[in-house]
Structure formats: structure tokens, C-alpha cells
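Everything below concerns the one structure shown next.
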Amino acid sequence: MIWQRIACIVIGYVFGLFQTAFIIGKMHNIDIREYGSGNSGTTNAMRTLGKKYGFITYFGDALKAVFAVILTYFLFRNQCEGRMMVMALYTGLGTILGHNFPFYMNFNGGKGIAATSGVLLSLALFDWKFVVMAALTFFVALAITKYVSFSSLCMMTGFLIEMIVWGQLDMVRQLNAAEKMEAYILVGIMTVLSFIRHRENIKRLANGTERRIGEKKEA
């Protein structure tokens, strides 16, 4: 039912409003958006506040997606039995929207990768392949290139390709024929959002000025 899908997006958006880096920054009397890349995500938190707070930011932003999916699972599992993977994707999209576009921060939040990794982690409730492949894609790309942004976009592109290919091969048991297109569209929107939010990173990657992990900013 449409109202269930809308409810999942709304629940996800509310969870996505928990901006870990922004909150940690305020605890240190700074607005994280006024430092570094101006982004309230994991990478900027790590570069601005240090590795400790960078890791806290990542886990905070990832876990809010997991908790949102768990909540919708318990709310709708009896009504949406057999359709919960799609409901989880709606919830995940809502979380990413809340993270990227929080209304109380003038819709200027993070880039959604940590939140998306939480969505992927929550899919382990339904199909573990997505979690394993996302981790492999990200860390292999990171080991080769040392670019967090490039590795994140590789992970998102891989997620979309895997959803479509495995879906068409009937390798995703939680998706029936009617829900496959919904799943493809939802993951497609997540992927497009990640590219839009990384547009400045893409420009820097193209001209060779993107900073690698561990690389110090030039004075």
C-alpha cells in the first residue's frame, strides 16, 4: 500500500535528521559546515575533528539507517510479509534524504554514503550478498586509489548493478516480479543522489586535486 511506503520514507527521514558530525561539532563549539569541505559527513569530521570523531560520525550516521529499518521491520512485518526488503529500501531512501537534506540545517547535510552503508548493512536481514559485495567494492577501490570519494561512488554503482543483475537472475529471494522495478528505482535514486552530492569531488578527481586518504592539505 502506498501509505506504508510513505510512512517508511517519513520514518527514515526523521532518523536521518540525526546529524552526528553537526552535533559533535556543536559540542566543540563549532559548526562543522564552516570547516574543511563544508560537509557534515564522516570524511570532513575526520579531517576537522580527528580520527576518533570521524569514526564516531561514521557509526552514528550508519546506525541511524539500521535502526530506522529495524523499526519499520517491526511495525510492518505482519502487514508486509514478503515485501519487507522493498520497505527497507524506502526507509533507507528516507534516511538518506534526511541526512542529505535536513530541514533544520537549511537542507545542507552530508553526502549520504555512511547512511547508505547503514542501509546496505540492514539488508543483511534479507540478503547478505549486498553487504559483502559493498564492503569488497569499497575497500578494494580504496586500497588501489586511496580516494574515499571514488571508492564511495564505486560502491554505489556496484550496489545498483548488483540489484539489477541479481534481481533479473532471480537471485534476490525477497523480491517478487512486481517489486523488482521498485527496488531498481529506489537504488537508482540513491546512486544518483550520491553522484549529485559528490559533484565537487568528481570535478577534483577529474583535474587531479582530490585529496587521498591520509594526505595532508597543502598550506
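Below, all heavy atoms of this structure are taken into account, side chains as well, without hydrogens, waters or symmetry copies. Just so you know, these numbers come straight off a predicted model, no measurement behind them.
Between K203 and E210, no side-chain nitrogen of the basic residue sits less than 4.0 Å from a carboxylate oxygen of the acidic one, so the salt-bridge criterion is not met.
Not one N or O on the side chain of K51 forms a donor-acceptor pair closer than 3.5 Å with the backbone of M46. Between the side chain of S122 and the backbone N or O of V119, at least one donor-acceptor pair lies under 3.5 Å. Side-chain atoms of K180 do not come within 3.5 Å of backbone N or O of L175 as any donor-acceptor pair. Remark: the backbone N or O of G112 is not paired with any side-chain donor or acceptor of R197 at under 3.5 angstrom. Remark: the backbone N or O of L17 is paired with a side-chain donor or acceptor of Y104 at under 3.5 angstrom. Listed for the D31 side chain is a donor-acceptor partner under 3.5 Å among the backbone atoms of R33. Between the side chain of R77 and the main chain of M84, no donor-acceptor pair closer than 3.5 Å is present. Panel note: side chain T209, backbone L205; no donor-acceptor pair is recorded below 3.5 Å. A donor-acceptor distance shorter than 3.5 angstrom exists from the side chain of R199 to the backbone of I196, with no hydrogens or angles considered.
Side-chain atoms of Y147 and S152 include no donor-acceptor pair closer than 3.5 Å. For Y184 and Q168, the side-chain atoms include at least one donor-acceptor pair closer than 3.5 Å.
Taking the six-membered ring where the residue is Trp, F76 and W3 present perpendicular rings, their angle passing 60° and hence far from 30°.
Residue-environment remark: CZ (F55) stays at or below the threshold of 12 foreign heavy atoms within 6.0 Å. Heavy atoms from other residues, nucleotides or ligands lying under 6.0 Å from OH of Y73 number 12 at most. By the neighbour-count criterion of 12 heavy atoms within 6.0 Å, atom CH2 of W128 is sparsely surrounded, having that number or fewer from other residues, nucleotides or ligands. By the neighbour-count criterion of 12 heavy atoms within 6.0 Å, atom NZ of K129 is densely surrounded, having more than that number from other residues, nucleotides or ligands.
Screening T42, N100, T43, N201 against K111 for a side-chain hydrogen bond (donor to acceptor under 3.5 Å, both in side chains) leaves a single residue, N201. Residue E182 is tested with R5, M85, R83 for a side chain to side chain contact (heavy atoms under 4.5 Å, CB included); the sole match is R5.
Distance check, rounded to the nearest 0.5 Å: CG of L169 to CD1 of I164 gives 11.5 Å. Atom OG1 of T48 is separated from atom CD of E34 by 11.0 Å, given to the nearest 0.5 angstrom.
Side-chain contact between L75 and Q4 is absent, with no heavy-atom pair separated by less than 4.5 Å.
Annotation: F150 is not in aromatic contact with H198 [ring centroid separation under 6.0 Å not met].
Contact detail for I189 and L93: the closest heavy-atom pair is CG2-CD1, 3.8 Å.
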